[in-house]
Amino acid sequence: MYFLSGWPRRLLCPLRSSERPFLIEPSAQRFYLAVLSETQISIWSSRPSVLIVSYIESGKAAAQFGFYQQVEWKPDDSMIAVAAANGYVLLFDIIGGSDEKYLYEPIYPKGSARVKVTPGYKEEQCAPALTLEMKKPVDLEAPISCLQTLQEDLLVATADGYLHMLHWDSVSNGRRAVNLCTIPFSLDLQSSRGGPCLDLDGVHIRDMEYCTTLDGFAVVFDDGRLGFITPTANRLATDVREKIFCNIINDFTVTFDQFNASLLNKTITFVTKKPFEGGSVLVYMIDSSTGSMQLSHKLELTPKHYPDIWNKTGPVKMIRWSPDCSVAMVTWDCGGLSLWSVFGAHLICTLGEDFAYRSDGTKKEPLKISSMGWGVEGYHLWVIGSTDVTPVPDGAEGDEKLQQAGILQFQFIKSALTVNPCTSNQEQVLLHGEDRLYLTCGDPTQAHSVPDKSPSRDTSTPLSQGLSTLLGHKHWQVVQIHSTYLETNWPIRFAAIDWSGQCVAVAGRRGIAHYSLYTRKWKLFGNVTQEQNMTVTGGLAWWNDFVVVACYNFIDRQEELRLYVRSSNLDNAFASVTKLHADTLLLNVFRNVVILFRADCSICLYSIERRHDSPSASVELLQEVSMSRYIPHPGLVVSVTLTSVRTETGITLKAPQHACSAESILLNLAGQLIMLQRDRSGPQVREKDTPANQTKLLPFCPPVVLAQCVENVWTTCRSNRKKRHLMEALWLSCGEAGMKVWLPLFPRDHRKPHSFLSRRIMLPFHINIYPLTVLFEDALILGASNETVLFDGPGSSSLEALFPFCTVERTSQIYLHHILRQLLVRNLGEQALMLAQSCAMLPYFPHVLELMVHVVLEEEATSREPIPDPLLPTVAKFVTEFPLFLQTIVHCARKTEYALWNYLFAAVGNPKDLFEECLMAQDLDTAASYLIILQNMEVPAVSRQHATLLFNTALEQGKWDLCRHMIRFLKAIGSGESETPPSTPTTQEQSSTGGFEFFRNRSISLSQSADSIAGGKFNLQKTLSVPSGPSSKGLRDLGCFSAQLGFELIGWLCRERMRVARVDDFVTALKCLHKDFLWPFPVIPACSINSPLKNGRCRPVLSSRLLKSQSADSLLNSDMDTTPPQVTTANHRWLDGLGAVSKELDSASSHGAPQTQEAFLSPLINKGEEYSIGSATDLTETSSMVDGDWTMVDENFSTLSLSQSELEHISMELANKGPHKSQVQLRYLLHVFMEAGCLEWCVLFGLILRDAGVIKQVVGFLDSPEVPSETVQSIRAGLIAVDLWASSDCLGYKPFLSLIRPQLLKLMEVPVEQVQPEAFQPAGASKLSEPPLLPRAEDARGAVTSAHPLPLDGPAGANARPLDDTLQEEQEEEPLEEGSYDCTLS
């Protein structure tokens, strides 16, 4: 609608030092404004906003006439009348200067194209030089109360009870007068006769307003009564015989101050001074049937929105309707401005928020207004402030007798619907200001994705822009209107946007222009004469890529309908012109039909079809419908719309063929929505005829009134079978009453509808924004609202300090919950369910359900009176139909007061039952929300029981964040009445136990009691077991558990060293580590498959085949005799390099203490992140990591300092490493397990990390007498098993096992006690005096007994035999396993 923009501007006008302006009155066309002070009248230009001329009364004349009081313009702006205090009416002629004389002219640089425009263009841009000449004054011999202009007459009401009629040309016709007591009156049209009103003796008219659409005067008498005077058919000019319909208001004891009449909507507005009414504006309507005046609604501030201002504004001082009569501006005696729509929607008020308070919270003095008036097209509001707040600017210079008084000019932007209610595109919001457009549109490239030349595009493809386009951000796309067009055609009167939101058309005083967001260019008329010879009268719209214009041709003096194609130049040569027989007032487009409403109250339907031979369209008249019987005045029609909506159309799930055609005409007649449907009562033979016979359309039925107080209407020409409820509905904006939707009702599952059920239903609902458009499929309303930004100016009198900076924000609101609720109230649950299911995929549908429950709960639970038929159980049952039921209820409860919970859960069910449903559905986050409910509604024992159950479930699923919250929750609710709170632990490791100590005396499952766990020990094994077999949970979970929950892992591992923390199967545990940490199995390069060497013999392998093999079978079946001899030499160098590197690694990590690294484990949210290339493959023993033939080395590598073996070694090291995150986690766990003395796991960590220093350190620890013999035996047997597995299944481990062979030899010498594997004894009970357990040769697979034990801190392999001998012995011991290698390269 209307929105404030920016800061107001202050215009300075020179006046006598003792005077201040107190009245401002715009002319009929609003291009000029008259500013009145006591002895001076000034004429201002609207554009540019400058003073043109002032007339200052002489002292002698001022003493004779008295001070100026009121002013009135002649309709053609050629004269002006001033009422003086002593009963004189002063008439002034406004005389224009010569054609070449202007006060202000723009100066362009030489050679500028803008100079070469048509003659007379300066009149639009420059202020003309005008003069004021007073004619002979008219003495009415009584104080003048009000003035009102007619076409050729001036009506003057005086305080002696007379109405005087003056002719503007007073010399020729003189004046006439009539006494109010002689005018007959009646209460309404139904009274038989009216007689003279004797009560009007001594009563005079205080104010009056002529209303063109009602053809009469609305008047207010000084005793507080209102009336309406209609002239007779022989007009006021010949005789003053009038009828008055005076409705005496008995319930208002105080007088009415002022009133106004809306020309657009058949309403009369009055202003009351009643103190306890808080300064209300009363809006009356003339009843069309009886003629009586009936109260329609009030415009008043409510205590809900303005608690500190309500009832303190004083009486209303002034009301001014905008030029298009769509909004009214109100001001009060105590100051402030307030803007309302016709039917009471509140848009702006300056008595609250940033308008009334400074940034430091202090209250501002409200702006008190003595007069105000709207500028051209409502883009400006001219305001004159009262004397006590008009600031005197600094630095007053010049004549001391002159003073700069200020006029404030507020700037507005408004919706295109106010003057061009065209519904060709219903999903875009378009606002236009004085020189710019505001659009809500998305990516301009979307415009090219749709073909421009499909005439049936709007019938086949959906036109929805989508949420991402229309709701992607809150910013506007601002388009500056072309300055060349604006200079000669200001102001912009009409604007329209196409369906895609990419093309905009505007129309000013003459011509049109259109803009493409894709090319970012304006198109203007190339021939300026063509532009100046047409003016848009009925509006403009888009049809596909054509601009449809209803205009008047000045040359032919003919009303025309024109279509300009967007792609061609803007020229009449490319236009399709259709001559019309009457003036067009309104225009609209529906599919391929244009509907026109004309000044003779008739409606014309035209069909549009694109011509194939030229880029133009053909227009053909389809039908004419006369509406003169139903419309008293054509100016009362606000909008006309074609739609496919019907009342009793065959509403079934199978849409009829005519459902998409133009079935009905909707007329907004002064707020009454009237519907005309096609008459299908006759024989339906049209559908069987040939297409040529279909041009004869069906007639329309008599009109039906659908709704009252309607401001805007929205329908759509698109169809969507999945959302027929929303797409085939009719949406209405009804001012303060909110919105209404005329919703279709469909039978379910193709069943026959009940005869007693209506096919449609009107549902009202309230919204918090002013609606500007409706997104049909998305169930959203788009609008705009004013936002303010405070600015602390340097002085208290600056405009920046007095007023905040105003911006316009895009807003949106969900309405679906209102409609669902209204359907449930009316026992239409099936319809509500169908509607909700069609919208269940919307992203905000959970919020819709939540809002519906919340609103009903708030209303019913806080009601002071019992509700006979509560709606909440019905709503609860409705919400259970959706899988989001549990989340909806708990979210609503947590946003509601605790006092309302009992009422809520009495309707939806016990929260304990809902909690268990969440657990069964594995929805742990929602279950955690229900714990908050249970904590407040149940005893602590119940809360602890359910929290512990949820904690166990979260542990099993590895949801560590939830576990941490549960620990904090259980600590917060305390131990209850019968238990004591836990003691705080005194000493903690660096990895603090956090809240886990709380569980020392807690039950872990609902079946256990706190006493079942004795000795304060927490049996973690029941919750999370350390991996000891194929079904283990994994060490990664244990590490996450420790890191996330602050569990003291080292202490627990110390206690569980000989129980849970033992390793039963090294090979299986090693495989689990690879799997859990996504660590690739090690591989060896292709060239070393033929090693180890045996007596100089080599078993060659075909490298190319091997690299292509993906399984062990392909490896075994490959040829073994064709490897080139140079592969062997490369292998020797690689093995030598590996031995050298291993020595360095061993010497670097042989300082006794284990290497530690700061590591913090965090749960792995997404398994697809931070993984190396190697780990992206299937990390099993049959995975392949070979990237190419390692034997093929580029010649350019010879220039590098690295040898081939070193390059191979580096490459294989990179391929054999897992993700960095996993490496950090493994190092951290190695440190923890080493601290806890779990040496078996340390060996596994050393193996997977291939860290020889770890193995050496563990073997050194085995010499300690504190290490139990079971551990030594387990490590010895485990390493033997790993060696066996590596030889058969994973050759990649063989080089590392060879590297740590000295440690393996030393391990064979460590004496252990022969015990059964099942016998586990406590730590320290093992005997170290038994002889060593020597494995068999075939089990040890090459383990050699040495009589020389290895020193703990010596380098790896220092006393071992040469590597070649060791490998050779290994090959001799297993002659039968040559073909059993099951190693694939990964």
Side-chain angles (χ1 to χ4, degrees), residues 302-308 310 352-353 738 765-769 813-822 824-825 836 844-880 882 884-918 923-947 950 962 965-966 968-974 976-977:
T302 60
K304 178 181 179 182
H305 296 100
Y306 298 93
D308 52 343
W310 177 73
E353 299 177 345
F765 58 93
H766 280 273
I767 57 173
N768 300 325
I769 64 174
Q813 188 167 338
I814 304 170
Y815 60 79
L816 196 56
H817 60 289
H818 294 295
I819 300 178
L820 297 177
R821 179 189 175 187
Q822 294 284 353
L824 293 178
V825 167
Y844 38 81
F845 183 72
H847 187 55
V848 170
L849 298 179
E850 188 180 324
L851 273 176
M852 182 169 62
V853 176
H854 181 77
V855 171
V856 175
L857 173 64
E858 289 280 345
E859 289 185 7
E860 295 186 357
T862 57
S863 176
R864 297 182 178 180
E865 299 179 358
I867 300 175
D869 188 14
L871 184 63
L872 188 61
T874 306
V875 172
K877 186 177 180 182
F878 174 79
V879 176
T880 55
F882 300 92
L884 301 168
F885 163 68
L886 296 171
Q887 294 96 312
T888 301
I889 297 303
V890 73
H891 290 170
C892 178
R894 294 192 62 181
K895 297 173 186 175
T896 314
E897 298 179 48
Y898 166 70
L900 310 183
W901 284 4
N902 286 327
Y903 188 85
L904 171 64
F905 288 103
V908 302
N910 193 318
K912 291 189 288 187
D913 299 335
L914 301 178
F915 174 84
E916 293 177 3
E917 287 185 35
C918 293
D923 190 357
L924 304 188
D925 293 329
T926 305
S929 298
Y930 275 104
L931 277 181
I932 309 296
I933 311 296
L934 292 172
Q935 179 191 5
N936 290 276
M937 299 186 69
E938 302 288 345
V939 296
V942 175
S943 302
R944 286 197 307 276
Q945 185 184 33
H946 287 78
L950 179 59
L962 184 58
H965 292 319
M966 286 298 98
R968 194 179 71 246
F969 176 79
L970 282 164
K971 291 181 70 175
I973 63 175
E977 301 81 3

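For the numbers below, each heavy atom of this structure counts, side chains included, while hydrogens, waters and symmetry mates do not.
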Peer 1: Can you name the closest pair of heavy atoms from P866 and P868 and give their distance?
Peer 2: O-CD, 3.5 Å
Peer 1: Under 30°, 30 to 60°, or over 60°: which ring-plane class applies to H946 and F915, parallel, tilted or perpendicular?
Peer 2: perpendicular
Peer 1: Does atom CD of E897 have more than 12 heavy-atom neighbours, drawn from other residues, nucleotides or ligands, at distances under 6.0 Å?
Peer 2: no
Peer 1: If every non-hydrogen atom of W901 is compared with every non-hydrogen atom of A893, which pair is closest and at what distance?
Peer 2: NE1-O, 2.7 Å
Peer 1: Any non-hydrogen side-chain atom of Q887 less than 4.5 Å from a side-chain atom of P846?
Peer 2: no
Peer 1: Checking side-chain contact (heavy atoms from CB on, under 4.5 Å) for the pair R894/I933: CA distance, chi angles, key distance, verdict?
Peer 2: CA-CA 8 Å; R894 294 192 62 181; I933 311 296; 4.2 Å; yes
Peer 1: What closest approach, in Å, do V908 and F885 show between heavy atoms, and which atom pair accounts for it?
Peer 2: O-CZ, 4.1 Å
Peer 1: Quick one: pull up CE in M966 and CG in L924 and give me the separation to the nearest 0.5 Å.
Peer 2: 9.5 Å
Peer 1: Donor-acceptor check, side chain of E860 to backbone of L872, threshold 3.5 angstrom: yes or no?
Peer 2: yes
Peer 1: Considering residues, nucleotides and ligands other than E353, do more than 12 of their heavy atoms fall under 6.0 Å from its CD?
Peer 2: no
Peer 1: Considering all heavy atoms of both residues, which atom of F845 and which atom of L884 are nearest to each other, and what is their separation?
Peer 2: CD2-CD1, 4.5 Å
Peer 1: Working to the nearest 0.5 Å, report the span between CD of E858 and OG of S863.
Peer 2: 12.5 Å
Peer 1: Hey, is the main chain of L914 close enough, under 3.5 Å, to the side chain of Y930 for a donor-acceptor pair?
Peer 2: no
Peer 1: Would I932 and V890 count as a side-chain contact (heavy atoms from CB on, under 4.5 Å) here? Give the steps.
Peer 2: CA-CA 9 Å; I932 309 296; V890 73; over 6 Å; no
Peer 1: In sequence, state the C-alpha distance, the side-chain angles, and the governing distance for V848 and L851, and then conclude on side-chain contact (heavy atoms from CB on, under 4.5 Å).
Peer 2: CA-CA 5 Å; V848 170; L851 273 176; 5.9 Å; no
Peer 1: Find the distance between CG (N910) and CD (E917) and round it off to the nearest 0.5 Å.
Peer 2: 10.5 Å
Peer 1: Does V853 reach the side chain of T888, with side-chain heavy atoms less than 4.5 Å apart?
Peer 2: yes
Peer 1: Set out, in order, the CA-CA distance, both residues' side-chain angles and the distance that settles side-chain contact (heavy atoms from CB on, under 4.5 Å) for F765 and H817, then state yes or no.
Peer 2: CA-CA 10 Å; F765 58 93; H817 60 289; over 6 Å; no
Peer 1: Over all heavy atoms of both residues, which pair between R821 and M852 is shortest? Give the atoms and the distance, please.
Peer 2: N-SD, 3.9 Å
Peer 1: Please identify each residue that fulfils ring-ring contact (aromatic ring centres under 6.0 Å, His included) with H854, with sequence neighbours left out.
Peer 2: none
Peer 1: Check whether any side-chain heavy atom of V856 lies under 4.5 Å from a side-chain heavy atom of T874, and answer yes or no.
Peer 2: no
Peer 1: So, taking the atom named CZ in F878 and the one named CG in L824, what distance separates them when rounded to the nearest 0.5 Å?
Peer 2: 5.5 Å
Peer 1: To the nearest 0.5 angstrom, please state how far the CZ atom of F969 sits from the CG atom of L950.
Peer 2: 9.5 Å
Peer 1: How far apart are the closest heavy atoms of I767 and Q813, and which atoms are they?
Peer 2: CA-NE2, 3.5 Å
